[in-house]
Structure formats: C-alpha cells, structure tokens
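Counting begins at 1 with the first residue of the sequence.
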Amino acid sequence: MRWAEATEERALMIARNLREDDRQEVWLSHRATPTEAMLGSWGQSDLCRCIVTDDGEPVGMTGLNGNRIWMLGTDQLVATRRRRLQLCIEGRGWVEHCLEVAGMAIGNDVHAKNTASIRWLKHLGFSVARPRPLGDSAALFCEFWRAA
C-alpha cells in the first residue's frame with residue numbers, strides 16, 4: 001500500500017465499497033450514505049490523503065478538518081496481516097503530521113461497537129472515552145483524542 005492523491009474519483013470508488021463498520025458508523029452518527037460521507041469528508045478536509053494498494057486500487061481515505069481526524073475504508077484496507085501492519089506503521093506518521101498541521105489536540109468519535117477501530121486508535125496513542133449517545137440515532141459513540 002502507498003499514499004496517493006485524494007481525488008473525487010477515488011472517494012467515490014471507496015464509497016461504493018465502504019466496509020460495513022464504516023457504513024454503520026456514518027449512518028448512525030450523521031445519517032449519511034457512504035457517498036455523502038466520503039464526498040463530504042473529502043471536500044471539507046484541510047488535509048486529505050488516499051491509501052491505494054500496490055496495484056493502485058483505492059482502499060482508504062483519511063483527512064483532517066480543523067482538529068477532526070477521520071478515516072474511511074474498504075475491506076481491502078485491512079485484508080491481510082501485511083496491510084494491517086503497514087496501516088499501523090504509516091498511521092503513526094500520519095497522526096504526527098496531523099498534530100503538526102492542526103497545532104492542537106486532534107480527535108473525533110468512533111462507534112462503540114467498532115472494536116477493531118478502537119484498538120487501532122489506542123495503538124496510535126489516542127485516548128478513548130467511555131461510550132455516550134450521539135446524534136439522532138442515540139447510538140453509543142466514544143470520543144477519542146490525542147495531544148502532541
């Protein structure tokens with residue numbers, strides 16, 4: 001996997017194949033479809049990068065909007081042990097870069113049932129709060145944050 005330019009075309013490709021955990025999360029938090037979530041996140045970000053496979057297939061996108069960090073992906077993003085390891089290694093550098101750009105603590109909310117993402121966020125050094133209801137759905141979400 002490697003970093004690539006975040007484009008509308010790539011955002012739409014990811015939206016069409018968004019993993020189920022991400023589909024649920026954007027629907028419960030914002031009542032957004034995968035396409036609405038991807039295009040909104042991509043379009044509103046101050047900083048945005050795409051993650052592609054070695055063959056150039058878009059499998060994830062991540063960005064920073066103010067001090068809100070986000071990431072959405074397909075099942076292919078974490079399909080192999082090698083990709084999961086690479087995501088952990090590259091993720092640390094990305095978070096450090098986002099902290100520099102934001103100049104303040106960064107964070108967001110994660111669906112409390114998305115335990116794999118919560119484990120990954122903790123690995124990247126984020127603090128994760130207890131679940132609390134969020135949005136119209138009142139589904140349980142955990143705020144996460146990290147300071148420099």
By salt bridge (charged side-chain N to carboxylate O under 4.0 Å, His left out) - contacts of Arg49 (at least two apart):
none
Below 4.5 Å, heavy atoms only, C-beta onward: do Ile106 and Phe126 meet side chain to side chain?
yes
Any non-hydrogen side-chain atom of Asp46 less than 4.5 Å from a side-chain atom of Val101?
no
If I compare all heavy atoms of Arg84 with all of Val78, which pair ends up nearest, and what's the gap?
NH1-O, 3.0 Å
Got a list of side-chain donor-acceptor pairs under 3.5 Å for residues 139-148, not counting sequence neighbours?
from, atom 1, to, atom 2, distance (Å)
Arg146, NH1, Leu124, O, 2.8
Arg146, NH2, Glu96, OE2, 2.3

Treating Asn67 as the side-chain partner and Ala105 as the backbone partner, does any N or O pair qualify as donor plus acceptor under 3.5 Å?
yes
With sequence neighbours left out, which residue pairs that include part of residues 21-35 fulfil the salt bridge (Lys or Arg N to Asp or Glu O under 4.0 Å) condition?
Arg19-Asp22
Any chance you could pull the hydrophobic cluster mates of Val52, using side-chain heavy atoms under 4.5 angstrom and chaining through other members?
none
From Cys50 SG over to Met13 CE, what is the distance, rounded to the nearest 0.5 angstrom?
9.0 Å
Atom of Leu28, atom of Ser137 and distance for their closest heavy-atom approach:
O-OG, 2.8 Å
Would you call Arg82 and Leu87 a side-chain contact if the rule is heavy atoms closer than 4.5 Å?
no
Within residues 3-12 or reaching into it, pairs that qualify as salt bridge (Lys or Arg N to Asp or Glu O under 4.0 Å) - sequence neighbours excluded:
none
Any donor and acceptor pair, going by atom type alone, linking the side chain of Asn108 with main-chain N or O of Ile69 inside 3.5 Å?
yes
Set of residues satisfying side-chain contact (heavy atoms from CB on, under 4.5 Å) with respect to Ala15, sequence neighbours excluded:
Pro34, Thr35, Met38
List in chain and number order the residues that pass side chain to side chain donor-acceptor pair (under 3.5 Å) with Arg83, two or more places apart in sequence or in another chain; answer none if no residue qualifies.
Gln76
Of all residues at least two apart in sequence or in a different chain, which pass the side chain to side chain donor-acceptor pair (under 3.5 Å) check with Gln44?
none
Measuring from Ile51:CD1 to Thr53:OG1, what's the distance to the nearest 0.5 Å?
11.5 Å
Min side-chain heavy-atom separation Leu18-Thr74 under 4.5 Å
no
So, Thr62 versus Trp94: side-chain donor-acceptor pair below 3.5 Å or not?
yes
Checking Trp27 now: which residues fulfil side chain to side chain donor-acceptor pair (under 3.5 Å) with it, not counting sequence neighbours?
none
Taking the side chain as every heavy atom from C-beta outward, state whether Trp120 and Cys88 have any pair of such atoms under 4.5 Å apart.
yes
Side chain to side chain donor-acceptor pair (under 3.5 Å) partners for His123, two or more places apart:
Arg92
When hydrophobic residues are tied together by side-chain contacts of less than 4.5 Å, even through go-betweens, does Leu121 share a cluster with Val95?
yes
Please give the remaining members of the hydrophobic cluster of Met104, linking ILVMFWY side chains under 4.5 Å, ordered by chain and number.
none
Below 4.5 Å, heavy atoms only, C-beta onward: do Leu72 and Met61 meet side chain to side chain?
no
Name all pairs fulfilling the salt bridge (Lys or Arg N to Asp or Glu O under 4.0 Å) condition that reach into residues 120-134, sequence neighbours left out, sorted by first residue then second.
Asp109-Arg132
Between Leu47 and Cys98 the two heavy atoms that sit nearest each other are CD2-SG, 4.2 Å
Is a side-chain donor or acceptor of Ser45 paired with a backbone partner of Cys48 at a separation under 3.5 angstrom?
no
Nearest atoms (heavy-atom pairs only) where Ser117 meets Val110:
CB-CG2, 4.0 Å
Are Trp42 and Met71 connected in the hydrophobic side-chain network, where two residues link if heavy atoms are under 4.5 Å apart?
no
